[in-house]
**Q** 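What follows is a single structure, and I will ask about it in a moment.
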Amino acid sequence: MGMIEVLVSVLVLAVGLLGIAAMQSLALRGGQSSLETSQAIMQANSIIEAMRANPTANYNIGKTCSAGAITGTDARAQDLIAWVSAMKNTIGSGATDTTTCGEIVGCPGACLVRVYWDDSRAGNDQNGAARMVETGARI
């Protein structure tokens, strides 16, 4: 009788530990998603500050997923290249990442900065794991 009680208590303990492990996994995924969202907001704010430093330039750019797609050698082009590269290094998986993109519309009046990325690493499988953060600013 004593042996059966021990086996049942070990089984209950094992199920409880599996539940704790599952909760830890979900917490890590949520933390990763939150980190990527925070980084996207910081990247949007960084390009907004660059636009404020160079208010005469036209920073409007369609959805761009590669820093190599941006041409020019002026301050505007250099700011955009640095912005897209920084997004890929902080949110994406590096320079070869194809899912991290940026878009700027509506400038110089009411600018909208959009940052797109793939949130599947964080376990977000809804809507194909595509995420977008939009930040508005007046320049």
**Q** Which atoms form the tightest heavy-atom contact between Ile70 and Ala77, and what is the distance?
**A** CG2-O, 4.0 Å
**Q** Which heavy atom in Cys101 sits nearest to a heavy atom in Thr98, and how many Å separate them?
**A** SG-O, 4.1 Å
**Q** Only one of Ile20, Leu26, Leu28 forms a side chain to side chain contact (heavy atoms under 4.5 Å, CB included) with Gln24, so which one is it?
**A** Leu28
**Q** Should Met51 and Val113 be marked as a side-chain contact (heavy atoms from CB on, under 4.5 Å) after you check the CA-CA gap, both sets of side-chain angles, and the distance that decides it?
**A** CA-CA 11 Å; Met51 288 188 285; Val113 177; 3.9 Å; yes
**Q** Side chain of Lys88, backbone of Cys65: donor and acceptor closer than 3.5 Å?
**A** yes
**Q** Hey, what do you get for CD (Glu36) to OG1 (Thr90), rounding to the nearest 0.5 Å?
**A** 9.5 Å
**Q** Shared ILVMFWY cluster between Ile61 and Val105, side chains joined below 4.5 angstrom?
**A** no
**Q** Does Ile4 CD1 have over 12 foreign heavy atoms under 6.0 Å away?
**A** no
**Q** Is there a donor-acceptor contact under 3.5 Å from the side chain of Thr64 to the main chain of Ser66?
**A** no
**Q** Does Leu80 belong to the same Ile/Leu/Val/Met/Phe/Trp/Tyr cluster as Leu112, with side-chain heavy atoms less than 4.5 Å apart forming each link?
**A** no
**Q** Through direct or indirect side-chain contacts below 4.5 angstrom among Ile, Leu, Val, Met, Phe, Trp and Tyr, which residues connect to Tyr116?
**A** Met132
**Q** Does Asn60 use its side chain to pair, donor to acceptor, with the backbone of Cys107 at less than 3.5 Å?
**A** yes
**Q** Return the CG to OG1 distance between Asn54 and Thr56, rounded to the nearest 0.5 Å.
**A** 5.0 Å
**Q** Rounded to the nearest 0.5 Å, how far apart are CD1 of Ile104 and CH2 of Trp83?
**A** 4.0 Å
**Q** So, for Asp119 and Ser33, which heavy atoms are closest and what is the spacing to 0.1 Å?
**A** OD2-OG, 3.0 Å
**Q** Nearest 0.5 Å please: distance from the CH2 atom of Trp117 over to the CD1 atom of Ile91.
**A** 6.0 Å
**Q** Do Gln43 and Gln39 pair up side chain to side chain, a donor and an acceptor below 3.5 Å, judged on atom types alone?
**A** no
**Q** Please collect all salt bridge (charged side-chain N to carboxylate O under 4.0 Å, His left out) contacts where either partner lies in residues 39-66, sequence neighbours excluded, each pair once.
**A** Glu49-Arg52
**Q** By salt bridge (charged side-chain N to carboxylate O under 4.0 Å, His left out), which residues pair with Arg138, not counting sequence neighbours?
**A** none
**Q** For residues Val84 and Ala67, report the shortest heavy-atom separation together with the two atoms involved.
**A** CG1-N, 3.6 Å
**Q** Would you compute the distance between atom CE of Met23 and atom OG of Ser25 and round it to the nearest 0.5 angstrom?
**A** 11.5 Å
**Q** Using 0.5 Å steps for rounding, measure from the CZ atom of Arg131 to the CG atom of Asp118.
**A** 11.0 Å
**Q** Only counting residues at least two apart or in another chain, list the ones meeting side-chain contact (heavy atoms from CB on, under 4.5 Å) with Asn45.
**A** Ile41, Ile48, Thr135
**Q** Residues in salt bridge (charged side-chain N to carboxylate O under 4.0 Å, His left out) with Arg76, at least two apart?
**A** none
**Q** When clusters are formed from ILVMFWY side-chain contacts under 4.5 Å, directly or step by step, what else is grouped with Val6?
**A** Val10
